[in-house]
Amino acid sequence: QKEVEQNSGPLSVPEGAIASLNCTYSDRGSQSFFWYRQYSGKSPELIMSIYSNGDKEDGRFTAQLNKASQYVSLLIRDSQPSDSATYLCAVNMFSTASKLTFGTGTRLQVTL
Amino acid sequence: DAGITQSPRHKVTETGTPVTLRCHQTENHRYMYWYRQDPGHGLRLIHYSYGVKDTDKGEVSDGYSVSRSKTEDFLLTLESATSSQTSVYFCAISELAAYNEQFFGPGTRLTVL
């Protein structure tokens, strides 16, 4: 079992729709959770951080964390073509403090 | 890129030659990390540093060494480059281990022929 799992996609959504990206993790003691956006040929860019159960909203982005079920998700409202990228989930696991474990990413395509 | 630069940005080298990649930060962050990114594998940690002269191995450290003599610089050395080390290398920095928000440099694309 991978420590951080994401569906590789591509996830295709029409412009204006809600994109839902999911991530599960194996270490129940994990404390910090992050979403990075990576455009092709570029470096990962941190877009959301979440540390406690529930929802955290920032503009069109909402991160959701459920520690009991060991999943974290990212919702993108009013998806735009510029949101087309690979989204990486990263987890700061209790067992590997000060290091992040990354999923392999979900490729999102927003179609016109 | 949060005050992080990497050099060189592109490099082509031959098998068996030593290669050093440099990461430089202006944020005075304590933690620095080296990752490689390959298709199908995602980002994998090579080495990281939690202070000047304090370093530790990541999950794919074989064939790599690091040094950190100043807060702002973190060097990654491939002792004798192999074709399997062809990859994109990213440096990242973080201020606090507890929350560990990491910010990435622009990357170095390394090709070993």
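All values derive from a computational prediction rather than experimental measurement. Lettering follows sequence order; numbering is per chain, from 1.
Neither the backbone nor the side chain of B:E59 has a heavy atom closer than 4.5 Å to any heavy atom of chain A. With a 4.5 angstrom heavy-atom cutoff, A:Q6 does not touch chain B via any of its atoms. Neither the backbone nor the side chain of A:F33 comes within less than 4.5 Å of any heavy atom in chain B. For B:L45, the part lying under 4.5 angstrom from a heavy atom of chain A is the side chain only. Only the side chain of B:Y35 has a heavy atom closer than 4.5 Å to any heavy atom of chain A.
Side-chain contact of A:T62 with A:R77: a donor-acceptor pair under 3.5 Å is present, judged by distance alone. With hydrogens and angles left out, the side-chain atoms of B:S87 and B:D38 include a donor and acceptor closer than 3.5 Å. Using modelled atom types, one finds a donor on one side chain and an acceptor on the other under 3.5 Å when comparing A:S73 with A:Q64.
No donor-acceptor pair under 3.5 Å is formed between the side chain of B:T77 and the backbone N or O of B:T20. With hydrogens and angles disregarded, no donor-acceptor distance shorter than 3.5 Å links the side chain of B:Q25 to the backbone of B:F74.
When the candidates B:L43, B:D56, B:V88 are compared by the number of heavy-atom contacts under 4.5 Å with chain A, B:L43 comes out ahead.
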